[in-house]
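All residue numbers refer to positions in the sequence shown, counting from 1.
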Amino acid sequence: MKDWIRNVLSIRQARRPAPVGQVPAVGTDIQREALKMTVTHRISGELWDWLVLSGWRNLPVATDRRRGMRLPDEALKTLMDAAPQERNQVHARLLELAQPPE
């Protein structure tokens, strides 16, 4: 009901990005707006800093029910293997591969 009222009255507010947290553990998900990516490998501090600057954050809740697009499982490994100067191009290609939830 509240959702309907917010839509009718056009009083929706955009969510603020989640605060930057610690390097996520293997097996957890990280998000960037409506995109989600599973952490399949240990992330270095340097790569995590780059991901944070690119808009990625830890999921703020353990059981996130929001729908969104999901990157392939090998996306993080692809970013890890990319040279630092090529990460932006690799990241852009990976974002194009995002798939809707099942």
Side-chain angles (χ1 to χ4, degrees):
M1 185 69 174
K2 287 181 184 178
D3 190 45
W4 181 81
I5 292 171
R6 286 185 188 110
N7 285 336
V8 169
L9 299 177
S10 298
I11 57 173
R12 288 223 168 258
Q13 295 180 356
R15 287 186 176 175
R16 290 178 287 152
V20 176
Q22 297 179 353
V23 177
V26 175
T28 61
D29 285 338
I30 57 176
Q31 72 178 18
R32 179 181 188 249
E33 298 171 1
L35 290 172
K36 294 181 185 177
M37 176 170 50
T38 302
V39 177
T40 55
H41 297 80
R42 177 174 273 199
I43 298 176
S44 68
E46 184 267 331
L47 179 60
W48 178 240
D49 290 341
W50 183 87
L51 287 167
V52 166
L53 290 174
S54 297
W56 290 94
R57 301 288 191 271
N58 291 320
L59 279 175
V61 293
T63 54
D64 185 45
R65 295 178 296 170
R66 289 177 280 182
R67 291 183 219 136
M69 305 288 275
R70 182 164 286 281
L71 291 180
D73 288 339
E74 65 273 0
L76 182 62
K77 181 66 174 153
T78 304
L79 277 173
M80 293 172 80
D81 293 342
Q85 60 270 21
E86 297 175 1
R87 274 193 195 135
N88 288 329
Q89 292 86 6
V90 172
H91 187 250
R93 283 196 310 265
L94 288 172
L95 294 180
E96 293 172 0
L97 297 175
Q99 300 176 1
E102 298 155 359

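- Put simply, L51 and L95 are part of the same group of oily side chains (I, L, V, M, F, W, Y) that touch within less than 4.5 Å, one to the next.
- Remark: M37 CE to R32 CZ distance equals 9.5 Å, nearest 0.5 Å.
- Judged as a side chain to side chain contact (heavy atoms under 4.5 Å, CB included), and not counting sequence neighbours, the contacts of A83 are Q85, E86.
- Listed by first then second residue, pairs satisfying salt bridge (Lys or Arg N to Asp or Glu O under 4.0 Å) with a partner in residues 38-48 read E46-R87, not counting sequence neighbours.
- Within the 3.5 Å criterion, the main-chain N or O of T40 finds no donor-acceptor partner in the side chain of D73.
- Among the candidates L79, D49, V23, the single residue satisfying the side chain to side chain contact (heavy atoms under 4.5 Å, CB included) test with I43 is V23.
- Residues satisfying the side chain to side chain contact (heavy atoms under 4.5 Å, CB included) test with S54, not counting sequence neighbours, are W50, W56, H91.
- A75 and L94 make their closest contact through O-CD1, 3.4 Å (heavy atoms, listed as atom of the first residue, atom of the second, distance).
- Looking at residues two or more places apart in sequence or on another chain, you find a side chain to side chain contact (heavy atoms under 4.5 Å, CB included) between V52 and V20, W48, R57.
- Residue E74 holds its CD atom at 8.0 Å from CG of L97, rounded to the nearest 0.5 Å.
- When all heavy atoms of P24 and N58 are compared, the closest pair comes out as CB-OD1, 3.2 Å.
- Residues V39 and L76 form a side-chain contact, since some pair of their non-hydrogen atoms from C-beta on lies under 4.5 Å apart.
- The side-chain heavy atoms of L71 and K36, taken from C-beta on, include no pair separated by under 4.5 Å.
- A search for salt bridge (charged side-chain N to carboxylate O under 4.0 Å, His left out) contacts involving D81 returns K77, not counting sequence neighbours.
- Evaluation of the side chain to side chain donor-acceptor pair (under 3.5 Å) rule for D29 yields T38, R70 as partners, not counting sequence neighbours.
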